Amino acid sequence: MRRYLVAGNWKMNLGPAAGLELAAGVAARLRGRVLRGDALVCPPYVTIPAVAAAADGNPLLLGAQNCGDQDGGAFTGEVSPAMLKEAGVQYVIIAHSERRQYQREDDDLFVRKINLLHACGLKAIFCYGELLGERKAGREREIVNAQLEGVLPRLQYVDPYNTVLAYEPVWAIGTGETASPAQAQEMHAWSRQVVARLLGESPASHMRILYGGSCKASNAHELFSQPDVDGGLIGGASLKVDDFVGIIDGAEAALG
Ligand code: PGA
């Protein structure tokens, strides 16, 4: 009943020329196929206009990795949700662990960004997940609960169609180490329980929860076959046509 989402987070990789080449390659492989879920690429800001022609929703969708927390004005270096929307963006990644860590972004900022992008009609992909030390200390459920509780109840317009969750255990991001399908399922089921408590049973059962952290074509099918895993947020493996399309195929087979 939930459509899968496979989202490529290109991070700080690929300028306009290389980005267009990758997106056009993925789009060419998907063209003419009726996907049973959604496939999305999230390039760096400057690459978005070049990629927009290829990620035109037919069927490949366009996203961004971040947005500003204001409508506009004197905020040097920021890009507003409305500008992203004008450029063809439909989804924005918020609260990625790299932004939590390197930019010291916090819950108040995530709430402002998500409220603003929702008000523009954009969809949020809200990331959360525990650090290695927190898992080793057996605190992963507590951390996930706190990260969801710090943001979800404060969102003005949240619904299961404008908000996607992405559980990304930080110890699995870019490390080659993947959560086992059983570990992913356990944390996704827990997340859904937390969402049910915060937002209600019906939103929780309809909201998509993606897995992120060293997801690749070889493990996508098994991860996405878990009942509470509704697709993936893909870093490294979204940078090559074959790898990314292989993950979309894994989702089609598991979740279609
Ligand atoms: P990875 O990154 O697939 O390279 O581990 C995932 C992410 O950070 O979204």
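Only a predicted model underlies this, so the values are computations on that prediction, with no experimental measurement involved. Counting starts at 1 for both ligands and their atoms, in listed order.
- Between Gly212 and ligand 1, a contact under 3.5 Å exists for no N or O pair.
- Annotation: atom 3 (O) of ligand 1 to nearest protein heavy atom, Gly235 N, 2.9 Å.
- Heavy-atom proximity to Asn9, at under 4.0 Å, picks out these atoms of ligand 1: 9 (O).
- The distance criterion of under 3.5 Å between nitrogen or oxygen atoms is met by His96 with respect to ligand 1.
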Quiz: residues 240-247 side-chain donor-acceptor pairs under 3.5 angstrom, not counting sequence neighbours:
unit_1, atom_1, unit_2, atom_2, d
Asp242, OD1, Arg29, NH1, 2.7

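- The ligand atoms of ligand 1 that sit less than 4.0 angstrom from a heavy atom of Ala172 are 5 (O).
- The pair Arg135-Glu130 meets the salt-bridge criterion, since a charged nitrogen lies less than 4.0 angstrom from a carboxylate oxygen.
- Close approach to Gly174 involves these atoms of ligand 1, each under 4.0 Å from a residue heavy atom: 1 (P), 4 (O), 5 (O).
- Not a single heavy atom of Lys216 sits under 4.0 Å from any atom of ligand 1.
- Considering both main-chain and side-chain atoms, Ile173 never comes within under 3.5 Å of ligand 1 through any nitrogen or oxygen pair.
- The atoms of ligand 1 that sit less than 4.0 Å from any heavy atom of Glu168 are 6 (C), 7 (C), 8 (O), 9 (O).
- Residue contacts with ligand 1: Gly236 is placed with a nitrogen or oxygen under 3.5 Å of a nitrogen or oxygen of the ligand (distance criterion only).
- Against a heavy-atom cut-off of under 4.0 Å, Leu233 is close to the following atoms of ligand 1: 6 (C), 9 (O).
- Looking at Glu134, Gln183, Met187 one by one, the single match for side-chain contact (heavy atoms from CB on, under 4.5 Å) with Glu140 turns out to be Met187.
- Val229 and Leu255 make their closest contact through O-CD2, 3.5 Å (heavy atoms, listed as atom of the first residue, atom of the second, distance).
- Any N or O atom pair closer than 3.5 Å counts here, and Ser214 shares at least one such pair with ligand 1.
- Judged purely by distance below 3.5 Å, without hydrogens or angles, the side chains of Thr163 and Tyr157 never pair a donor atom with an acceptor atom.
- Trp171 shares a hydrophobic cluster with Leu132; the chain of contacts runs through ILVMFWY side chains whose heavy atoms sit under 4.5 Å apart.
- Between Tyr167 and His188, the ring-plane angle classifies as perpendicular under the 30° and 60° cut-offs.
- The aromatic rings of Phe126 and Phe110 sit perpendicular to each other, their planes meeting at more than 60°, with 30° as the lower class boundary.
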